[in-house]
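Working notes for the structure below.
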Amino acid sequence: MPALELKTNVKLADPKAFLAEFSKLASATLGKPESFINVSYTYNEYMTWGGSFDPAYLLAITSLGNVNPESNVTYSKTFSEFFQERLGAPNSRGYISMIDPGPDNMGHRGTTFSAIFAER
């Protein structure tokens, strides 16, 4: 169920191609099937970092069961390198937040993941 929400001041020439690549990277990095991955991109020309409009980003990762201190270092490195390469935004101009809301606090298919997991 990982959801990755990218906000950036970098306008992409081909957002669909970028998101397809981002989805595959997210699947490989988070160790979840791509069929469970949700990625989104929001362009905001008014995003600043340190008072500058140079390329910058915010990434929020919401994922169940694989957010932990050791993995988060890998996630941060992998995604920041990807954004530096694809967006031209150095890792000093981005924040990445990693959140595991727990299965009781994540809904899907009209229920929660706790209920879905209990059915198995």
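Counting begins at 1 with the first residue of the sequence. Every value quoted in this text rests on a predicted model; they were computed, and no experiment measured them.
In this structure, Thr112 contributes its side chain and Gly107 its backbone to no donor-acceptor pair below 3.5 Å. Between the side chain of Ser80 and the backbone N or O of Lys77 there is at least one donor-acceptor pair closer than 3.5 Å.
Residue pairs satisfying the side chain to side chain donor-acceptor pair (under 3.5 Å) criterion with at least one member in residues 99-108, sequence neighbours excluded, are listed as follows: Asp104-Ser114. Each salt bridge (Lys or Arg N to Asp or Glu O under 4.0 Å) pair with one or both residues in residues 13-27, not counting sequence neighbours, appears once here: Glu21-Arg86, Lys24-Glu34. Counting only residues at least two apart or in different chains, side chain to side chain donor-acceptor pair (under 3.5 Å) contacts with residues 45-58 comprise Ser52-Asp54.
Shown here are the side-chain hydrogen bond (donor to acceptor under 3.5 Å, both in side chains) partners of Ser97, two or more places apart in sequence or in another chain: there are none. Listed by chain and residue number, nothing satisfies the side-chain hydrogen bond (donor to acceptor under 3.5 Å, both in side chains) test with Asn44 (two or more places apart in sequence, or in another chain). Thr8 meets the side-chain hydrogen bond (donor to acceptor under 3.5 Å, both in side chains) test with no other residue; sequence neighbours excluded. Applying the side-chain contact (heavy atoms from CB on, under 4.5 Å) rule to Ser40 yields the partners Glu5; only residues at least two apart in sequence or on another chain are considered. Remark: Pro69 pairs with no residue by the side-chain contact (heavy atoms from CB on, under 4.5 Å) rule, at least two apart or across chains. With sequence neighbours left out, the side-chain contact (heavy atoms from CB on, under 4.5 Å) criterion links Leu19 to Phe22, Val39, Tyr41. In terms of the side-chain hydrogen bond (donor to acceptor under 3.5 Å, both in side chains) criterion, Thr78 has no residue partners (sequence neighbours excluded). Applying the side-chain contact (heavy atoms from CB on, under 4.5 Å) criterion to Phe117, with sequence neighbours excluded, gives Leu64, Pro103, Phe113, Arg120. Legend: residues meeting salt bridge (Lys or Arg N to Asp or Glu O under 4.0 Å) with Glu119, ordered by chain and number and at least two apart, are Arg109.
Heavy atoms from other residues, nucleotides or ligands lying under 6.0 Å from CZ of Phe18 number more than 12. Sparse packing is recorded around NZ of Lys7, with 12 or fewer heavy atoms of other residues, nucleotides or ligands lying under 6.0 Å away.
Annotation: side chain of Phe79 is not in contact with side chain of Leu6 (no heavy-atom distance under 4.5 Å). Residues Leu87 and Pro55 fail the side-chain proximity criterion, which asks for heavy atoms closer than 4.5 Å. Thr29 is listed as a side-chain neighbour of Tyr75, based on a closest heavy-atom distance under 4.5 Å.
Distance check, rounded to the nearest 0.5 Å: OG1 of Thr62 to CG of Asn38 gives 9.5 Å. For the atom pair CG of Leu25 and CG of Leu30, the computed distance is 8.5 Å after rounding to the nearest 0.5 Å. With values rounded to the nearest 0.5 angstrom, Met98 atom CE is found 10.0 Å from Leu4 atom CG. Here Ile37 contributes atom CD1 and Ser23 contributes atom OG; the two are 6.0 Å apart, rounded to the nearest 0.5 Å.
Phe82 and Leu58 are members of different hydrophobic clusters when ILVMFWY side chains are connected at heavy-atom separations under 4.5 Å. Ile61 and Met1 fall into different hydrophobic clusters, defined by Ile, Leu, Val, Met, Phe, Trp and Tyr side-chain heavy atoms under 4.5 Å apart, directly or through other members. Both Met47 and Tyr95 are members of a single hydrophobic cluster when ILVMFWY side chains are connected at heavy-atom separations under 4.5 Å.
Closest approach of Ser27 to Pro33, counting heavy atoms only: OG-C, 3.7 Å.
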